[in-house]
Amino acid sequence: MRNKTRLVLICTLVLGLAASAALAGPLKDRFIARKPVVAALLADGTVGENNQGYLEFRGARKQADLVAAENKDRATVYAAIAKKINTTPDLVGQRRASKIAQQ
């Protein structure tokens, strides 16, 4: 259930931000294309969320390219949010990670 909550939070964040002109197009498409695989990796425990708001492996080093691509796009999203609210991308990721941990 916790992984589903994470996925909903991620999707909400991504879709909300992707609606803005700065993040529309290819970035949104990449998140959507990876969504089922990311959800499966979260569900089976292959990856998890770290305290910086990024995916990381929890065991086997499978799907490294997918995790790297997801984290690159999350960094883009965090940077856009940070710019919008006048803070740092690191703080945005940490706040997101904190919200996930509370759930």
Side-chain angles (χ1 to χ4, degrees):
M1 189 62 151
R2 192 169 118 180
N3 289 329
K4 287 183 181 179
T5 302
R6 287 181 182 171
L7 183 59
V8 169
L9 181 61
I10 291 168
C11 291
T12 301
L13 173 69
V14 171
L15 292 176
L17 292 172
S20 71
L23 298 176
L27 180 63
K28 178 182 175 184
D29 294 342
R30 291 193 303 267
F31 275 116
I32 290 170
R34 284 191 303 263
K35 179 180 162 184
V37 178
V38 170
L41 292 172
L42 285 166
D44 73 11
T46 301
V47 299
E49 303 277 347
N50 68 22
N51 66 356
Q52 300 294 310
Y54 293 100
L55 295 177
E56 67 182 12
F57 286 100
R58 305 274 195 228
R61 301 282 299 164
K62 297 176 185 177
Q63 303 289 335
D65 55 341
L66 178 119
V67 170
E70 180 74 10
N71 286 337
K72 181 180 176 186
D73 287 344
R74 286 184 183 199
T76 301
V77 170
Y78 297 164
I81 293 170
K83 184 176 181 179
K84 187 174 183 177
I85 64 173
N86 197 26
T87 190
T88 67
D90 288 342
L91 186 58
V92 172
Q94 290 168 2
R95 285 179 179 165
R96 182 180 170 279
S98 177
K99 286 181 184 177
I100 290 169
Q102 290 174 359
Q103 296 173 353

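Partners of Ala82 by side chain to side chain contact (heavy atoms under 4.5 Å, CB included), not counting sequence neighbours, listed by chain and number: Thr87, Pro89, Val92. With sequence neighbours excluded, the residues satisfying side-chain hydrogen bond (donor to acceptor under 3.5 Å, both in side chains) with Arg34 are Glu70, Asp73. For Asn51, there are no side chain to side chain contact (heavy atoms under 4.5 Å, CB included) partners at least two apart in sequence or on another chain.
Put simply, CG on Leu91 and CD1 on Ile85 are 7.0 Å apart, with the number rounded to the nearest 0.5 Å. Between the CD atom of Gln94 and the OH atom of Tyr54 there is a distance of 10.0 Å, given to the nearest 0.5 Å. The distance from atom CG of Asn71 to atom CG of Asn50, rounded to the nearest 0.5 Å, is 7.5 Å. Distance check, rounded to the nearest 0.5 Å: CZ of Arg95 to CD1 of Ile100 gives 14.5 Å.
Nearest approach of Val67 to Leu55, heavy atoms of both residues: CG1-O, 3.8 Å.
At least one side-chain heavy atom of Arg96 sits under 4.5 Å from a side-chain heavy atom of Arg74. In this structure the side chain of Leu27 reaches within 4.5 angstrom of the side chain of Arg30, judged on heavy atoms.
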Verdict with supporting geometry, Glu49 and Leu42, side-chain contact (heavy atoms from CB on, under 4.5 Å): CA-CA 8 Å; Glu49 303 277 347; Leu42 285 166; 4.3 Å; yes
Worked verdict on Asp90 versus Tyr78 for side-chain contact (heavy atoms from CB on, under 4.5 Å): CA-CA 8 Å; Asp90 288 342; Tyr78 297 164; over 6 Å; no
